[in-house]
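Reminder, nothing fancy here: chain letters follow the sequence lines and each chain counts from 1.
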Protein chains: 4
Amino acid sequence: MAKTASIKSFAVIGGDLRQVYLSGLLAADGYNVFATGFDREVEVSKDVIRLRSAEETVKKSNCVVLPLPYSVDGLTINAPYARAPITVEDIIKAAMPGTIIVGGKLNDEIIGTAESAGIKLIDYYQREELAVLNTIPTAEGAIQIAMEELPITIHGANCLVAGFGRVAKTLCHALYALGADVTACARKCADLAWIRTLGYNAVNISDLERTVGKFDVVFNTIPAVVLSEEILSNLKKECLVIDLASKPGGVDFETAGRIGIKTIWALSLPGKVAPITSGAIVKDTILNIIDEEVAK
Amino acid sequence: MAKTASIKSFAVIGGDLRQVYLSGLLAADGYNVFATGFDREVEVSKDVIRLRSAEETVKKSNCVVLPLPYSVDGLTINAPYARAPITVEDIIKAAMPGTIIVGGKLNDEIIGTAESAGIKLIDYYQREELAVLNTIPTAEGAIQIAMEELPITIHGANCLVAGFGRVAKTLCHALYALGADVTACARKCADLAWIRTLGYNAVNISDLERTVGKFDVVFNTIPAVVLSEEILSNLKKECLVIDLASKPGGVDFETAGRIGIKTIWALSLPGKVAPITSGAIVKDTILNIIDEEVAK
Amino acid sequence: MAKTASIKSFAVIGGDLRQVYLSGLLAADGYNVFATGFDREVEVSKDVIRLRSAEETVKKSNCVVLPLPYSVDGLTINAPYARAPITVEDIIKAAMPGTIIVGGKLNDEIIGTAESAGIKLIDYYQREELAVLNTIPTAEGAIQIAMEELPITIHGANCLVAGFGRVAKTLCHALYALGADVTACARKCADLAWIRTLGYNAVNISDLERTVGKFDVVFNTIPAVVLSEEILSNLKKECLVIDLASKPGGVDFETAGRIGIKTIWALSLPGKVAPITSGAIVKDTILNIIDEEVAK
Amino acid sequence: MAKTASIKSFAVIGGDLRQVYLSGLLAADGYNVFATGFDREVEVSKDVIRLRSAEETVKKSNCVVLPLPYSVDGLTINAPYARAPITVEDIIKAAMPGTIIVGGKLNDEIIGTAESAGIKLIDYYQREELAVLNTIPTAEGAIQIAMEELPITIHGANCLVAGFGRVAKTLCHALYALGADVTACARKCADLAWIRTLGYNAVNISDLERTVGKFDVVFNTIPAVVLSEEILSNLKKECLVIDLASKPGGVDFETAGRIGIKTIWALSLPGKVAPITSGAIVKDTILNIIDEEVAK
């Protein structure tokens with residue numbers, strides 16, 4: 001990845017291991033990298049300059065990188081390795097006009113606040129390429145869980161992937177590659193056509209109830225209760241359910257518990273299973289954002 | 001594929017080998033199939049009832065299947081195996097109200113004419129699932145040409161696929177599977193992310209000129225002149241160019257000819273390389289259309 | 001798998017979860033299955049008839065299945081779920097002439113003892129198909145460990161597989177399928193040719209020292225100290241070493257520990273990571289043995 | 001490929017396009033390359049020095065490369081592009097003691113003659129790595145034929161590969177990768193285990209008669225009449241048979257002709273479908289031979 005013109009210094013503020021690795025990767029690319037919020041239990045690249053003061057860190061940089069999510073409470077930066085809290089407000093105040101601040105899962109309010117101060121605030125979690133590349137650690141994390149939980153190999157296992165969005169595509173690809181018997185279910189004819197084209201078994205969601213009894217493991221990627229009581233009660237009792245869908249989840253957990261279907265709700269896998277890869281994905285996305293901003 | 005409710009009889013009118021096979025596949029599914037326009041040199045399934053008169057064929061059916069494209073001149077049905085011309089007007093006149101007529105590459109005028117007569121006329125070539133499934137014979141046709149033309153194996157060949165739409169995705173998949181060193185080029189960050197996720201080399205189109213010299217074969221899928229003089233003159237002289245893009249094509253053919261780059265413009269591969277598979281794809285698409293119409 | 005002629009009843013004696021599942025799978029195939037040695041903490045298929053007495057179990061059967069390994073001490077059957085010890089001698093004494101006894105890792109002495117009593121004793125662990133099929137759970141177990149230990153995804157990881165025997169072949173296949181950058185090293189020209197043919201990077205073992213510095217993870221399959229001090233000291237310090245080689249192992253563990261290379265010696269993975277699949281593999285192998293014995 | 005110590009000059013004598021390309025590839029590696037026997041219709045690299053006299057060509061070199069096969073009649077070199085015949089005797093006579101002569105399909109007599117003259121004569125066609133690497137162009141050639149002949153795509157086709165030797169392994173791999181439904185048949189339990197491990201359907205040859213009716217194409221790799229009258233008469237009539245087995249072939253051609261099964265006997269595919277790749281494979285093999293001879 002070439003050094004992006006006109007950005008020379010990055011401030012990396014808080015976050016988990018992904019941010020720690022991200023700071024090292026930016027430094028390895030040749031940028032000046034200042035960091036704050038990595039005070040304990042964590043090894044930071046020696047090419048990264050660590051500062052006590054968040055304000056100072058921000059002032060030295062023309063791009064500020066906040067974590068994913070940037071904050072849990074909306075007031076302080078999400079910084080599990082920091083000794084003292086870092087407030088969002090202090091970061092924005094410290095930034096000079098012209099500074100680009102990037103962060104994950106920003107809310108509209110903070111974006112408005114920044115823009116009125118002449119600061120460009122951009123949410124990298126909204127970027128399609130980040131979502132695409134994050135399917136890799138998500139799929140591997142899901143497969144790792146299946147390997148750990150199942151008394152059979154993935155090779156030869158009857159696997160259902162519910163949905164055929166981004167995560168499902170990468171997950172099907174990996175399961176198939178490992179020799180699983182992969183079925184994906186979807187509703188749209190075009191999705192079902194892609195499923196057949198890629199060599200998987202295609203099942204229309206409306207036929208799921210009838211066919212679901214053969215699966216050894218079900219991976220759900222649809223953020224709606226696809227695994228309803230009707231579907232769950234047709235699963236074989238040893239079937240493992242891994243739910244990758246965010247927010248409400250895709251499983252009627254109450255019913256699953258009652259009838260004894262083991263269900264694992266696996267969220268935010270990328271940062272957990274592969275923090276270096278995830279940090280690199282965020283880095284690539286940020287450099288894309290800067291390229292586009294600079295080109296404006 | 002289950003028998004679609006309420007449609008009992010199909011009329012298959014004209015077309016090439018795809019239509020011939022399609023008529024047999026519908027009959028094998030248990031439908032009554034009447035056909036006209038297959039008079040010579042062609043073997044039709046004995047379960048298909050062949051009639052002389054197109055009008056009679058249409059009247060016996062509640063779904064009429066026209067070929068892809070339905071017509072070359074806009075007046076007569078595209079029917080290379082027919083002894084006498086079959087006019088589009090006669091087909092529409094013969095259809096009872098309530099009949100569904102499906103065909104490929106219909107123009108707006110004929111759709112209007114039909115609708116004013118109470119006939120539903122639907123273009124299956126507009127269906128996304130047909131476009132997706134047709135990527136399979138298109139990709140295989142392109143690979144067959146490369147195998148025939150190149151003095152090297154696909155395994156180990158440096159292959160560039162320009163674009164990352166439907167055809168490109170399936171073509172990259174197949175080339176990679178055969179052991180080629182696959183590079184795909186695109187402009188959008190999300191496409192480049194998918195290219196990396198799937199294991200291919202990703203090149204931004206803006207960097208193409210600089211990197212194009214290493215390829216043994218270039219497959220273009222972009223319907224715009226991507227392979228301009230600048231790009232062509234950086235290819236090595238033995239490089240083969242296979243252009244899969246429709247209409248204007250993606251190659252500056254004049255320049256390619258002048259500097260001696262062998263270029264093959266390969267259009268309409270599905271019907272040529274795999275007429276049975278292509279007929280089956282059209283059949284599946286038509287049954288999807290009928291399902292949706294019946295559900296209305 | 002068809003029911004093998006002339007064998008009607010199996011005795012399953014002791015062993016771990018693999019034997020438990022194996023007993024259920026044989027019963028599901030329609031055989032009479034008697035079992036002993038599964039007294040606690042273990043759920044046995046209700047189609048398996050459990051008996052207290054090992055002698056009685058043997059007498060009711062014309063094929064006796066001992067575990068893998070059949071014994072740890074050479075005197076008693078390896079039976080972790082049994083309440084009381086079962087002696088090897090009692091089993092052999094109880095068997096009628098004509099009975100086939102199969103077990104894993106039998107020693108010559110016990111085979112001799114049995115034959116002099118007119119009992120056929122066959123070691124299924126010697127069978128090539130068992131070794132081949134066991135590469136699947138071994139490879140998946142190795143990948144699971146790598147996923148658990150590495151802060152990066154397998155996709156994109158630089159992986160070295162040392163050796164190109166059975167396990168290495170299946171492991172390379174799976175790693176490559178997951179999108180890893182796979183290098184295999186071997187000594188023989190023919191092995192190196194297969195490595196290239198399958199699309200992996202081929203390195204001659206004699207060049208390993210020079211090239212080993214780029215790998216994120218090394219899987220050893222060679223039962224000789226390939227990862228000597230010279231090689232280990234050229235690894236990058238974050239590199240993970242997973243040793244799959246039996247007996248002496250393939251790593252100079254003392255040096256690895258001294259220079260801080262994390263090394264995991266992963267033995268007997270099939271029974272640990274996928275006891276059902278492993279039980280099924282043993283079952284298929286035993287049925288092959290019986291087919292051949294019956295055909296004699 | 002590093003320059004092999006102590007060999008400085010190669011003589012390339014006769015042969016088809018493979019030898020032509022081979023001469024260019026050796027020259028590109030930095031060797032002095034002299035060639036004879038490429039007089040017409042053929043473009044030779046300008047880095048290769050072409051000589052009229054075979055004797056002179058041999059004398060200037062310390063390694064002489066004869067074609068594959070080295071001779072058709074045992075007396076003259078197989079040299080389709082030569083104007084005048086080149087005798088084998090003259091080549092051997094011209095070689096100085098210490099010269100290495102390599103060629104393909106040498107007979108024992110000529111090896112004896114050479115050795116008594118102090119010349120080392122080595123058959124590269126006997127080398128395992130050449131056989132392995134040649135499976136790549138063989139498999140691609142077989143697939144090209146299937147693509148050209150079949151009215152269906154390889155994707156989704158029911159393909160049988162008879163045998164599971166070298167060619168079969170690579171062919172199954174490529175067919176499976178293209179999305180075919182691949183079945184391989186073999187007799188040995190270990191081969192059947194590998195077939196299952198790699199994800200293909202495994203059929204015991206003894207069950208072939210019963211299962212052969214579903215295939216769209218059969219590739220034979222076994223040099224014995226596997227496709228006997230019993231098997232052929234159970235094929236569906238549109239099934240295509242591609243025989244890759246040498247010498248007697250694996251098909252009862254007379255019966256196939258009588259019952260109307262289309263059969264293609266495809267021999268010596270590497271040189272036909274991919275002469276550059278084949279030339280490179282011969283080159284790599286020759287350099288391996290020299291390495292081993294020099295190390296002696």
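- In this structure, C:Thr277 contributes its side chain and A:Thr153 its backbone to a donor-acceptor pair below 3.5 Å.
- Contact of A:Tyr21 with chain C is made through the side chain alone, with heavy-atom distances under 4.5 Å.
- The shortest distance between side-chain heavy atoms of C:Met147 and A:Ile143 falls below 4.5 Å.
- Between chain A and the residues C:Leu175, C:Ile154, C:Val273, the largest count of heavy-atom pairs under 4.5 Å involves C:Ile154.
- Put simply, CG on A:Leu133 and NE2 on C:His155 are 8.5 Å apart, with the number rounded to the nearest 0.5 Å.
- Of the inter-residue distances, the one linking C:Ile136 atom CD1 with A:Leu178 atom CG reads 11.0 Å to the nearest 0.5 angstrom.
- Looking only at heavy-atom pairs under 4.5 Å with chain C, the residue among A:Ala280, A:Ala157, A:Gly141, A:Pro275 that has the most is A:Pro275.
- Contact annotation for C:Ile152: both backbone and side-chain heavy atoms come within less than 4.5 Å of a heavy atom of chain A.
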